[in-house]
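Before any comments, here is the structure.
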Amino acid sequence: EVNFARYADEIPLDVVDRMLEAEADIIEPTIVGNAETMLKGAFSTGDTARAVFRKAPHTYTSKYFRAERQVTLTFRGVRRDKYHPNGTRNAEIAFVNEFGGRGIAARAFIQNAIDEKAEEAFDNAEKIFDEWLKKEKMI
């Protein structure tokens, strides 16, 4: 097994981005599927599953963290219906579903997807890394 950290500084950004996308290719549809199956009930519209959105790879920096490359899976749009007459962001609705709220049980559809598919997502990214190592004749 190759030590990723050994090559971390040499991996081109496009390879890192492809690795991140490969992981998201596994996690994203699982989040959507979990939203479709776990977020059922009297108030369910299916809008949370349809709102899942993948941002392109980007560098995230804050005053608390050093710059890190990431792919963000988020929820886009605003829901306006009889339950949200003033409009509520789909990301907020997903958050309440994930963690619960006053009188609302938590339904961890996002964390369950990550837990269930973490190894498969890593393996998918590792394939991209291994291809790069072989192409560069590093192994």
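Since the model is a prediction, treat every value here as computed from it, not as a measurement. Each residue takes its place number in the sequence, starting with 1.
When atom types are taken as modelled, the side chain of D17 and the backbone of P57 share no donor-acceptor pair closer than 3.5 angstrom. Listed for the Q70 side chain is no donor-acceptor partner under 3.5 Å among the backbone atoms of T59.
For D81, the side chain to side chain donor-acceptor pair (under 3.5 Å) partners are H84, not counting sequence neighbours. Every side chain to side chain contact (heavy atoms under 4.5 Å, CB included) that V16 has, sequence neighbours left out, goes to I11, L20, R69. Every residue two or more places apart in sequence or in another chain was checked for a ring-ring contact (aromatic ring centres under 6.0 Å, His included) with Y60, and none qualifies. Contacts of R80 classified as side chain to side chain donor-acceptor pair (under 3.5 Å), with partners at least two apart in sequence or in another chain: none.
Salt bridge K117/E120: present, at least one basic N to carboxylate O contact under 4.0 Å. Note on D130 versus K134: no salt bridge recorded, every NZ/NE/NH1/NH2 to OD/OE distance being 4.0 Å or above.
Cluster partners of I104, using a side-chain heavy-atom cutoff of under 4.5 Å among ILVMFWY residues and allowing indirect links, are V96.
To the nearest 0.5 Å, atom CG of residue L133 and atom OH of residue Y7 are 6.0 Å apart. Annotation: the span from E21 atom CD to D14 atom CG amounts to 12.0 Å, rounded to 0.5 Å.
Every pair passing salt bridge (Lys or Arg N to Asp or Glu O under 4.0 Å) that includes a residue from residues 37-47 is listed here, sequence neighbours excluded: D47-R50, D47-R79.
Within 6.0 Å of atom CZ in R89, 12 or fewer heavy atoms from other residues, nucleotides or ligands are found, so the atom counts as exposed in its surroundings. E119 CD: 12 or fewer foreign heavy atoms inside a 6.0 Å radius.
Minimum interatomic distance between V78 and N90 (heavy atoms only, all atoms of both residues): N-ND2, 3.9 Å. Heavy atoms only, all atoms of each residue included: K55 and T74 are closest at CE-CG2, 4.0 Å.
Linking Ile, Leu, Val, Met, Phe, Trp and Tyr whenever their side-chain heavy atoms come within less than 4.5 Å leaves F109 and I26 in two separate clusters.
Inspection of the E28 and T30 side chains reveals no N or O donor paired with an N or O acceptor under 3.5 Å. Side-chain atoms of D115 and Q111 form a donor-acceptor pair, as typed in the model, at a separation below 3.5 Å.
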